There are 2 protein chains.
Amino acid sequence: MPYTYEFARPNLTVDCVVFGLEEENYRKRSPDEPPLQLKILLIERNLPPFKGEWALPGGFVRVEESLDQAARRELREETGIEEVFLEQLYSFGEVNRDPRERVVTVAYYALVNLWKYRLQAATDASDARWFPISQLPPLAFDHDQIVTVARQRLQGKLRYEPIGFELLPEKFTLTQLQRLYETVLAAELDKRNFRKKILNMDILVALDEVQQDVAHRAARLYRFDEEKYRQLKEKGFNFQI
Amino acid sequence: MPYTYEFARPNLTVDCVVFGLEEENYRKRSPDEPPLQLKILLIERNLPPFKGEWALPGGFVRVEESLDQAARRELREETGIEEVFLEQLYSFGEVNRDPRERVVTVAYYALVNLWKYRLQAATDASDARWFPISQLPPLAFDHDQIVTVARQRLQGKLRYEPIGFELLPEKFTLTQLQRLYETVLAAELDKRNFRKKILNMDILVALDEVQQDVAHRAARLYRFDEEKYRQLKEKGFNFQI
DNA sequence: ACTTTAGGTGTAATTCATACACTTATTATA
DNA sequence: TATAATAAGTGTATGAATTACACCTAAAGT
């Protein structure tokens, strides 16, 4: 069923940089390896061009769906991931970014709670795999450039909006949260100052629960109060770290 | 010369929100009207859909040009504007944003020095016109939404990067610069604190010149030192206002 | 000469960010 | 069961940055 147009049209695709945060197993890691790792989800291409190489999940935008819908659909189809934080990143349109055809891609980035999705991702017997951001394989097309832009955006965003909870389990400790910030921002933060700041934002709820099964004093668990966050955001409150 | 594809493809366009800053004539303006006005450049459509309405300058992306090139080409063709600050804004891809066909647009925003371009724009006998941002006519398509996003972006950008010089003449006074910030940010700033901050950034060069033909003490003129700005930016310097 | 207009300048008070160290609770182990 | 090991949890003093604020100066107009 071919489609004919008066003028040539570029292909239009969406691609997703999916970030996840993995807690490294204590046994396995060496003493100075970080306890958390930022990872992204890649798909092994089984079609040319770049067959056999790794690429961002994505695909063609259909005429009956919006860009956001296309990004969510591709994410669901290729990785089984649904209902995650997803935001448009940037559009990449260099003429030769695909060696064969003109393809313009609208890139998105997503934040995935790996505590929730790890199981599911494993069961979807697919060619998808999580890679530590510091050990990515060579990527197809200009996807390394897209990943670079996405990392910068994630850093910038995290500095100004409390977005990190998307990457953590529902109940988390302040230390986990701090490690998340340190991992993404690639900087060490002062424990007391971090806690002061984040608790002062008044968007965390201290639960009547503590960590289980830890070989030391158990930390209190918190959850993110999204409702309160929206109210404060409404009022122009500043969430800078 | 028709083009045939296996699958339907959305149209792909670029649109530009072109910002300019106009100094209002003293005689004409009422006492409490602001001395500077932020304006955007619109084109009157002479084809359906939305024939006769005003729209952002823009047009189809050709297969042999990048998105950035397309934006600059359209700007040149439709408004005669060249070599201005131009940055990608966001891509808009709702299914029905064009009532007749599926069109995805990559929006850009541009900053134009009206002291330099006013004459030129006048000579290009075209259907382009500058409108004060507070008195825009009804816009075609979803262009009002694009303008809203562009205004937010301009505000955000101006707060964190010394981008405002693009809107001013090469030589300007500190008061002009302050008015620019006040106009774009829609906020009053303290004169002494503003000067302290902007001069401390060390990106302005005080010239040995003062304003001419003013009916009061003439203000010193400054210019933006782009070279120094790049060096400081390199080092991660913070330009927040 | 006087009025009008905008230019130009410094300091004190307050707020915010930073640096920093010890006690507590829990489990593991000797 | 005492002790070691581990991370949790907590407050203050110092310095830096931001804010608020008012008067004199220079030039042209009347």
Side-chain angles (χ1 to χ4, degrees), chain A residues 23-27 29-36 159-160 168 171-182 185 187-202 204-222 237-241, chain B residues 23-27 29-36 159-160 168 171-183 185 187-202 204-222 236-241:
Chain A
E23 208 160 31
E24 289 306 299
N25 191 320
Y26 281 92
R27 307 290 152 72
R29 79 183 151 96
S30 66
D32 44 17
E33 204 180 336
L36 285 181
R159 255 187 274 269
Y160 295 105
L168 287 179
K171 301 168 181 184
F172 52 84
T173 69
L174 293 182
T175 300
Q176 276 181 307
L177 187 60
Q178 184 180 343
R179 296 274 174 274
L180 153 62
Y181 273 82
E182 291 177 331
L185 301 179
E188 299 236 317
L189 302 173
D190 179 86
K191 181 160 66 161
R192 281 179 286 194
N193 294 338
F194 177 79
R195 285 166 183 237
K196 224 186 299 174
K197 233 179 209 172
I198 208 94
L199 290 176
N200 267 345
M201 286 183 192
D202 205 29
L204 293 188
V205 181
L207 302 173
D208 278 336
E209 276 180 85
V210 294
Q211 269 181 320
Q212 299 298 318
D213 304 318
V214 286
H216 52 77
R217 176 173 175 180
R220 158 156 272 115
L221 292 172
Y222 291 80
F237 196 88
N238 184 358
F239 296 99
Q240 198 167 345
I241 279 290
Chain B
E23 210 159 31
E24 289 308 299
N25 191 320
Y26 280 92
R27 309 289 152 73
R29 80 182 150 97
S30 66
D32 45 16
E33 203 179 339
L36 286 180
R159 253 188 276 269
Y160 295 105
L168 287 179
K171 301 169 180 182
F172 51 85
T173 69
L174 293 182
T175 300
Q176 276 181 306
L177 187 60
Q178 184 180 342
R179 296 273 174 274
L180 153 61
Y181 273 82
E182 290 177 331
T183 303
L185 301 180
E188 300 237 316
L189 302 173
D190 179 87
K191 181 159 67 162
R192 280 180 286 194
N193 293 339
F194 177 79
R195 284 165 184 240
K196 222 186 300 172
K197 232 179 209 172
I198 207 93
L199 290 176
N200 267 345
M201 286 183 192
D202 205 28
L204 293 188
V205 181
L207 303 173
D208 279 337
E209 277 180 81
V210 294
Q211 269 182 321
Q212 298 298 319
D213 304 318
V214 286
H216 52 79
R217 175 173 175 182
R220 159 156 271 115
L221 292 172
Y222 290 80
F237 195 86
N238 184 358
F239 296 100
Q240 197 167 344
I241 279 289

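Every chain is numbered from 1, with letters handed out A, B, ... down the list of sequences. Everything numeric here is computed off the predicted structure, so don't read it as measured data.
- Under the 3.5 Å distance criterion, with hydrogens and angles disregarded, no donor-acceptor pair is assigned to the side chains of Arg179(A) and Thr173(A).
- Of the candidates dG7(C), dT10(D), dT18(C), the closest approach to any side-chain atom of Arg195(A) belongs to dT10(D).
- There is no side-chain donor-acceptor pair under 3.5 Å between Asn200(B) and Lys197(B).
- Between Leu199(B) atom CG and dT9(C) atom P there is a gap of 9 Å when expressed in whole angstrom units.
- Counting non-hydrogen atoms under 4.0 angstrom, Thr173(B) reaches nothing in the nucleic acid.
- Between the NE2 atom of His216(B) and the C1' atom of dG29(D) there is a distance of 12 Å, given to the nearest Å.
- When the P atom of dT19(D) is taken as reference, atom NZ of Lys191(B) falls 18 Å away, rounded to whole Å.
- Between Phe172(A) atom CZ and dA7(D) atom P there is a gap of 20 Å when expressed in whole angstrom units.
- Arg220(B) comes within 4.0 angstrom of sugar-phosphate atoms only, judged by non-hydrogen atoms across all strands, and of no base.
- Nearest-nucleotide assignment on DNA chain C puts the 5′-proximal partner with Asn193(A), out of Asn193(A) and Ala215(A).
- Following rounding to the nearest Å, Asp190(B) (CG) and dG8(C) (C1') show an atom-to-atom distance of 13 Å.
- Remark: the backbone N or O of Leu189(B) is paired with a side-chain donor or acceptor of Glu182(B) at under 3.5 angstrom.
- Atom CD of Gln211(A) and atom P of dT27(C) are 11 Å apart (whole Å).
- When the P atom of dT9(C) is taken as reference, atom CZ of Phe194(B) falls 15 Å away, rounded to whole Å.
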Could you please spell out the steps behind the salt bridge (charged side-chain N to carboxylate O under 4.0 Å, His left out) verdict for Lys171(A) and Glu209(A)? CA-CA 9 Å; Lys171(A) 301 168 181 184; Glu209(A) 276 180 85; 2.7 Å; yes
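- When each of dA26(D), dT10(D), dT9(C) is scored by its nearest atom to the side-chain atoms of Arg217(B), the top-ranked nucleotide is dA26(D).
- We find that CD of Gln240(A) is positioned 13 Å from P of dC16(C), with the value rounded to whole Å.
- Lys196(A) contributes a side-chain N or O that forms a donor-acceptor pair with the base of dT18(C) under 3.5 Å.
- Place Thr175(A) and Arg192(A) on DNA chain D by their nearest nucleotides, and Thr175(A) ends up nearer the 5' end.
- Contact record, Tyr160(A) with Phe239(A): O-CB, 3.7 Å, taken as the closest heavy-atom pair.
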